[in-house]
Amino acid sequence: MAQQKMKTGLARCLELASDHRGLVFLSGFLAALAAICSFAPYVSIYYIIREILMVYPDLSRLDVPAVTRWSWLALAGIFGNIVLYFFALLASHVAAFGTLYELKIAFAEHIMQMPLGYHLTIGSGKLRKIMDENIESIEQFIAHQLPDFVASLVAPLVLIVILLGVDWRYGVVCLAGIVLAFAVQLAGFNGRAREKMQRFQRAQENMNAASVEYVRGMSEIKAFNQTAASFKRLSTSIKDYTTFVLDYALGWQNAMPAFTTIIHNIYLLLIPVGIWLSARTTDMRQFALTFIFYLIIVHAISGILNKIMYISESFTQISGSVARMDEILRIPAMPEQTAPVAIETFDVRFEDVSFSYDEDGGTQALSHLSFQAAPGRVTAIVGPSGGGKSTIASLVSRFYDVSAGSIQIGGVDIRQMPLDALMAKVSFVYQDTFLFKQRIFDNIRIGNPDATEAQVVAAAKAAQCHDFIMRLPDGYDTVIGAHGVHLSGGERQRIAIARAIVKDAPIIVLDEATAFSDPENEYLIQKAFETLTADKTVIMIAHRLSTIRRADQILVMNQGKLVESGSHDALLARGGKYAEMWASYTASMHWKISTGRGM
Ligand code: ADP
């Protein structure tokens, strides 16, 4: 499994860098040469010791020029290793930055083409993390780990050749030491350690989620006096994390030190073998040469093995990064039409629409829904939470495509319209309005970038925003979010309405606000809605029945199905689900009035 993951991470990175294949290969080639060069000092030492032993004990006969030559070779090896590795990194960095650039552009283009609904479910935080951290870790991997990987493949091969080539008996002893070190380490890495690793990763994710929730929800936490409870959740997740990290680290407490001890002390295995061989040798000079050489080269082993360990860890990490990025890239792009279509009327028709958020079509959020929202009329959608109201709004704007059936505007299937043409026809006002950290003026003009100043101000007046905007320090030039300028929920929603008025689209999808129901705000928002919706096709998700009495058509949704439809009076007369909802609503209003609560 881990091996499979390692392969996919590496293979995927190579695939991503395929436009810079030449540079990647050059980098690998140079890194391999650098690794080979790093053995030159050992070879030189072998020959220098040989020169010394040949004349020993009369060192005056030492062939100094030969020793000097070998010393130069050692120096050239060290220098070559540094220079070649430098150029390997240079090539890999050029390839990595190119890949990073292309990948970020491709990712940005992909998320633009992704159905909008995914942005809501995935969340901007996660998309930002993937774009910033995960894609950048791919750049890091190509820039650093790929050349190191090639070096860590070549170095052990050269080492094995040297170890077995000079004297296979010492070579076998060294290799036995390496095998022993790995065996001891693997004994520690049993099923339990893997399970601990998974628990540790889960604990880490929980802690991250709890921290984000704590910080982002701070205002609600304070408003509802939840500080102790939510702080407890955060502190519990941190404690869990601490426990699992300790548990995981302690799981290695025997295996890891044993591994490190063995690879740093393989010479302790060589010494008894050396003593044993010395009793059986006839050529003492050759024996001394080989023995001393092995005692020196054995120290290269630990460096090489440490590098392999670090590389294999980075393989596991890169697999995770690549997988998270690919998860987003696999989301199919919204099929886009480019041919313009002429739309004459702006009625919205749902024809036998079914929709499921699961790809496998599991639970249906909407099932066989048909209705028509006529121009100049208000269609209100009511029903219990989870009934499918927001899903209807999301589908009109093609946040998602229907699973079955069709949605038409003026008789044209919305999938046949270019997305920007559809967006030009539909305005949305959501409960939660996103305001950019820009001037209020620009925040309103987003609805129609060509709007004149007069049009923006007129829209703000119609949306009941003008008065509060004029009370802000710089009026329309006030930057939202700067210098402590923050708007209330009701004010934000009125800005959203002003945006929609400036846009002047023939179809309006409204998600009525529930959170800001103080009478003053409600009155202003209602007034703003009236201007916005005059003569438009309005689809309104209604949370309070009081606001929909005047709707031309009411759709009652329950568990994704349309259970009733008609006008307020017709539905009351029918005595069904709507009448039931109305009865409990009026009862609650009486209760609120008689107890003096609410409103
Ligand atoms: P309402 O607006 O009436 O409360 P929704 O349209 O939000 O209802 O939800 C209809 C159904 O679809 C519910 O079962 C809900 O759990 C599910 N649902 C809504 N949004 C998503 C989503 N982004 N991913 C998966 N399921 C969802």
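Start at 1 and go down the list; that is how both ligands and their atoms are numbered. Just so it is clear, the structure is predicted and the values come from calculations on it, not from any experiment. Both backbone and side-chain heavy atoms feed into the values below; hydrogens, waters and symmetry mates do not.
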Problem set entry | Heavy atom of protein closer than 4.0 angstrom to atom 16 (O) of ligand 1 |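 No, there is none.
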Exercise. Under 4.0 Å from atom 25 (C) of ligand 1, is there any protein heavy atom?
Worked result: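 Yes.
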In terms of atom number and element, which parts of ligand 1 are under 4.0 angstrom from non-hydrogen atoms of [X]?
X    : answer
P384 : 3 (O)
A365 : 11 (C), 12 (O)
S385 : 4 (O)

For this session: Please list, chain by chain and in numerical order, all residues satisfying salt bridge (Lys or Arg N to Asp or Glu O under 4.0 Å) with E15, sequence neighbours excluded.
Result: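 Result, salt bridge (Lys or Arg N to Asp or Glu O under 4.0 Å) vs E15: R12.
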Problem set entry | salt bridge (Lys or Arg N to Asp or Glu O under 4.0 Å) partners for K461, two or more places apart |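 If we apply the salt bridge (Lys or Arg N to Asp or Glu O under 4.0 Å) test to K461, skipping adjacent residues, there are no hits.
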Please tell me whether [X] and [Y] have a donor and an acceptor in their side chains that are separated by less than 3.5 angstrom.
X    : Y    : answer
Q408 : S406 : yes
T391 : Y357 : yes
Q553 : T379 : yes

Exercise. Any idea how H568 and W582 line up, ring-wise: parallel (<30°), tilted (30 to 60°), or perpendicular (>60°)?
Worked result: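 Geometry flag for W582 against H568: perpendicular rings.
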For this session: Flag G387 as yes when one of its N or O atoms lies below 3.5 Å from any N or O atom of ligand 1, and as no otherwise.
Result: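 Yes, since at least one N or O of G387 sits under 3.5 Å from an N or O of ligand 1.
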For this session: Would you give the length of the straight line joining atom CG of L103 to atom CG of N134, rounded to the nearest 0.5 angstrom?
Result: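 If we round to the nearest 0.5 Å, L103:CG and N134:CG are 10.5 Å apart.
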Who's the nearest protein heavy-atom neighbour of [atom], and how far?
atom                    : value
atom 23 (N) of ligand 1 : T121 CG2, 2.7 Å
atom 8 (O) of ligand 1  : G388 N, 3.1 Å
atom 5 (P) of ligand 1  : T391 OG1, 3.6 Å
atom 19 (C) of ligand 1 : Y357 CE1, 3.4 Å
atom 2 (O) of ligand 1  : S390 OG, 2.5 Å

Problem set entry | Nearest non-hydrogen partners of L571 and G566, listed with the distance |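 For L571 and G566, the tightest heavy-atom pair comes out as CD1-O, 3.6 Å.
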Problem set entry | Selection from G386, S394, A393, S356 by shortest heavy-atom distance to atom 13 (C) of ligand 1 |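 Checking each option, the heavy atom nearest atom 13 (C) of ligand 1 is found in G386.
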